[in-house]
Amino acid sequence: MLDRAEFPRDKPCGGGVNLRAVRLLPFDIAPVAERPISGMRISIRQGRSYLRYAPAPISYLTQRRRLDAFLAERAESAGAAFRQRAAVRGVEREGRKITVRAGREAFTGRSLVAADGANGPAARLAGIRVDRSKEIALEGNITPKSGYPVEWVDVFGIDVGAVPGGYGWLFPKGDHLNIGVGGLCSIGPTLRARLDCLTRFYGFDPRSFWGLRGHPLPVRRPGSPLIAGNVLVTGDAAGLLDPMSGEGIYAAVWSGRAAARRLFAYLSGSEKTLDGYRADIEREIEPDLVTARQLHALFHLAPHLWARFVRRSPRAWRLICGLATGDTTYTDVKKRSALLAFGIDLAATLIERASPKPPALRSESR
Ligand SMILES: Cc1cc2nc3c(=O)[nH]c(=O)nc-3n(C[C@H](O)[C@H](O)[C@H](O)COP(=O)(O)OP(=O)(O)OC[C@H]3O[C@@H](n4cnc5c(N)ncnc54)[C@H](O)[C@@H]3O)c2cc1C
């Protein structure tokens, strides 16, 4: 593993590890999980709000500097060599051999996994043109002076309707709160003002922010490449982020696991190519991303109406919980009724045709 950062390092992220991601990991993240979350306070355009509880935790709130260092330690104890402060700056492919230049060193191997996130260059340097659209988020932390607010002990806040194409959030951590806004790339210049407004709505002073950071939310376009020869692309580098919720940890872990399995088969000679990785993603992840993108388009026609619907409908709340825990998927929603699936497909196609194509991530241009 090569990483340009020195660990523990932070990464702009709410740090919400939904139960569906927790379930994929072969070990417990309890040492770095700061708060189990079973409640959600949903507000509409920073106005009226309501609280819903699930019977058990649906998400675990972490700090990425702690979570990612913990994951790297687990990988090292499983036998991986981890080189830090090693920024990848060149990739050369010669037949079955790959040479990666990072810092002043060169590393040679039989395969490469480009897992370097939304801004990483590895896939591009290996000649893979990943087609991802760019949404954007800004987040920061607040440590309340008057002690940890009791209303945010096991509840996170979601505010809908105030951010085009996205939402605002409050994620509780051990001793502080993470507050953020994310949405369409075009709202970039207004993100700070929107974040300040949301922060005041939650009752905090935006002047007390620390660790303010912005970062892209990369969403792949269907059919965008996932492999080229012996190079695989995973997580944000492949744009596997859920366009509806902005959740990316689940797909990063899922794709990492799939990459590991297929690499093992490839390197041990039982599979001749890495095509199985693409097949895994196209079968298990991509259909859900396509449906999530459709639901995202429908949701943002009238977010306030959806929020009111969830308030009244226990089934809708159960669906949200099921998506977080992995007990249900976006495609399951369409499988429930052929008529509903037809309606979603039709409405989403009409909306997409009427909307301008979002810009591609700058790192894709070659
Ligand atoms: C503001 C914000 C809030 C979010 N909140 C959530 C959330 O609450 N829950 C959730 O599930 N998802 C969330 N996401 C999405 C989530 O953060 C990402 O989808 C997830 O981190 C992707 O994991 P990854 O391993 O693919 O990439 P990253 O986590 O971005 O890891 C990439 C790694 O590559 C390294 N790297 C980059 N360039 C190089 C280079 N040249 N050479 C070597 N190494 C390099 C980086 O240092 C980094 O360690 C959020 C995203 C944003 C922007």
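Both counts, for ligands and for their atoms, begin at 1 and track the order of listing. If you read the sequence from its start, that first residue is 1, and numbering goes on from there.
- Contacts between C13 and ligand 1, counted as non-hydrogen atom pairs separated by less than 4.0 Å, involve both the backbone and the side chain.
- A salt bridge is defined here as a Lys NZ or Arg NE, NH1 or NH2 lying under 4.0 Å from an Asp or Glu carboxylate O, and E105 with R83 meets this definition.
- Using a 4.0 Å cut-off between heavy atoms, A102 makes no contact with ligand 1 at all.
- Near P121, with a cut-off below 4.0 Å to any heavy atom, the atoms of ligand 1 are 40 (C), 41 (N).
- Only the side chain of R64 comes within contact range of ligand 1, with a heavy atom under 4.0 Å; no backbone atom does.
- Proximity of F201 to D196: side-chain heavy atoms (C-beta onward) are nowhere separated by under 4.5 Å.
- For E247, heavy-atom contacts with ligand 1 shorter than 4.0 Å involve the backbone as well as the side chain.
- Here R4 has heavy atoms under 4.0 Å from ligand 1 in both its backbone and its side chain.
- Per-residue contacts place G246 under 4.0 angstrom from the following atoms of ligand 1 (heavy atoms of the residue considered): 12 (N), 13 (C), 14 (N), 15 (C).
- Residue G117 has at least one heavy-atom neighbour below 4.0 Å for each of these atoms of ligand 1: 27 (O), 30 (O), 32 (C).
- With Y148 as the aromatic partner, R35 meets the cation-pi criteria of under 6.0 angstrom to the ring centre and within 45 degrees of the ring axis.
- Counting heavy atoms under 4.0 Å from ligand 1, residue D116 touches it through both backbone and side chain.
- Under 4.0 Å from ligand 1, not a single heavy atom of V17 appears.
- Residue A115 places a heavy atom under 4.0 Å from ligand 1.
- Contact between R9 and ligand 1 is present, with at least one heavy atom of the residue lying under 4.0 Å from the ligand.
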